[in-house]
Amino acid sequence: MRTFSLFLKKHAKHILIILFWLLLWEAATAIISNSIIIVSPRETFARLFSLAQRADFWGSIGTSLQRIMLGFFLALVLGIAIAAISARFRLFYQLILPGINVINAIPIASFTILALMAMSSANLPVFVAFVTVLPIIFYNTYKGIMSTDSKLLEMANLFDVPLWKKGFYIYVKTVAPYVFSAANVGIGFAWKSGIAAELIGVVRGTIGANLHNARIFLQTADVFAWTIAIVLLSYFMEKVFQLIFGRIEVLHANSKTH
């Protein structure tokens, strides 16, 4: 009982904010009074609970999670690599920057349609998540590398510090916060773009395909339930990455004390 009271005291503000928006949602449902356009929170969460008891619900989540995260990690690795090469070679940076800028400017819908003409729909979420996140990782990582203290680098060169130590103790310390920030933002964009690609491409066995079917058959409760599931998954993934990145920062800080 005491633990529950402490929980309420600690999260009272967040609970009140959630209740405010739920009441606003309930009021909008009562005012509009059209189940084709909007359904109540109770109907939405009841439908979500019903869907969560089905194997195909978790199968769709697993498929979407696997493909979107693959695109995200490819963008993370390649974005860091391209940024590192760009910081080292000015000509490469000048050559690659227009391409990154174009990728960043093209709408998700255009990328999805173009990709559908060149690849199978199964690979669509991977590709779209990748091209959406790549510019975010590149810009932030490049900025982090270029902001590295030149005096520290000069000192390291003066004392002939090994390359790996220079990279770990100087570059990682400076660049890591930029990469973590970009990844934290990118994970949300990966989810939004990946689900949108699934929806436009009607990729079977995915969250997007379920949203498409719910829209076609005017199953508004399903649309709202799947949307809530997407929001919860995105929030969960962001928290997981914050935990991982926080742990990496602690390990890096501890390594400096030894």
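Both backbone and side-chain heavy atoms feed into the values below; hydrogens, waters and symmetry mates do not.
Atoms CD1 and CD, from I38 and E43 in turn, are 10.0 Å apart once rounded to the nearest 0.5 Å. Note: L48 CG to D222 CG = 10.0 Å, rounded to the nearest 0.5 Å. To the nearest 0.5 Å, atoms CD1 (I137) and OG1 (T132) are separated by 11.5 Å. Within the model, atoms CG of D56 and CD1 of I61 stand 10.0 Å from one another, a figure rounded to the nearest 0.5 Å. A distance of 8.0 Å separates CD of Q219 from CG of N213, quoted to the nearest 0.5 Å. Atoms CZ and CD1, from R88 and I145 in turn, are 12.0 Å apart once rounded to the nearest 0.5 Å.
Ring planes of F57 and W226: tilted class, angle from 30 to 60°. Ring geometry for F45 against W25 counts as tilted: the plane angle lies between 30° and 60°, on a 0 to 90° scale.
At least one side-chain heavy atom of R42 sits less than 4.5 Å from a side-chain heavy atom of E26. Residues S121 and L116 are in side-chain contact: their nearest non-hydrogen atoms beyond the backbone lie under 4.5 Å apart. In this structure the side chain of Y139 reaches within 4.5 angstrom of the side chain of N104, judged on heavy atoms. Put simply, the side chain of I82 reaches to within 4.5 Å of the side chain of F92, judged on heavy atoms. Looking only at side-chain heavy atoms (C-beta outward), V131 and I106 stay at 4.5 Å or farther from each other. Side-chain contact between N140 and V179: absent, with no pair of heavy atoms (C-beta onward) separated by less than 4.5 Å. Side chains of L65 and L233 form no contact here, defined as non-hydrogen atoms less than 4.5 Å apart. The shortest side-chain heavy-atom distance between L24 and W21 falls under the 4.5 Å cut-off.
Linking Ile, Leu, Val, Met, Phe, Trp and Tyr whenever their side-chain heavy atoms come within less than 4.5 Å puts F236 and V133 in one cluster. Linking ILVMFWY side-chain heavy atoms closer than 4.5 Å, directly or via other members, places I100 and L95 in two distinct hydrophobic clusters. In the hydrophobic clustering of this structure, F127 does not group with I113; members are Ile, Leu, Val, Met, Phe, Trp, Tyr whose side-chain heavy atoms approach within less than 4.5 Å, directly or through other members. Criterion: ILVMFWY side-chain heavy atoms under 4.5 Å apart, direct or through other members. Under it, V77 and I187 are not part of a common hydrophobic cluster. V231 and I195 sit in two unconnected hydrophobic clusters of ILVMFWY residues. Membership requires side-chain heavy atoms under 4.5 Å apart, directly or through other members.
Across all non-hydrogen atoms, the minimal contact from A209 to V203 is CB-O, 3.0 Å. Heavy-atom minimum distance, T29 versus V39: OG1-O, 3.5 Å. Considering all non-hydrogen atoms of both residues, G208 and L199 come closest at O-CD1, 3.5 Å. Between P125 and G194, the shortest heavy-atom contact is CB-O, 4.2 Å. Closest non-hydrogen pair, A183 versus L76, comes out as CB-CD1, 4.3 Å. The minimum heavy-atom distance between N210 and S60, with the atom names listed, is ND2-OG, 3.0 Å.
With hydrogens and angles ignored, the 3.5 Å screen pairs a side-chain donor or acceptor of S193 with a backbone N or O of A190. Using modelled atom types, one side-chain atom of T220 and one backbone atom of S35 make a donor-acceptor pair closer than 3.5 Å. A donor-acceptor contact shorter than 3.5 Å is absent between the side chain of S50 and the backbone of A46. Remark: side-chain polar atoms of N184 are not paired, donor with acceptor, to backbone N or O of F180 under 3.5 angstrom.
In this structure, K192 satisfies the cation-pi test against F189, with its NZ or CZ atom closer than 6.0 Å to the six-membered ring centre and inside 45 degrees of the ring normal.
Between Y235 and W191, the ring centre distance reaches or exceeds 6.0 Å.
Results of the side chain to side chain contact (heavy atoms under 4.5 Å, CB included) test with Q94 over L91, I96, L97 single out L91 as the only residue that passes.
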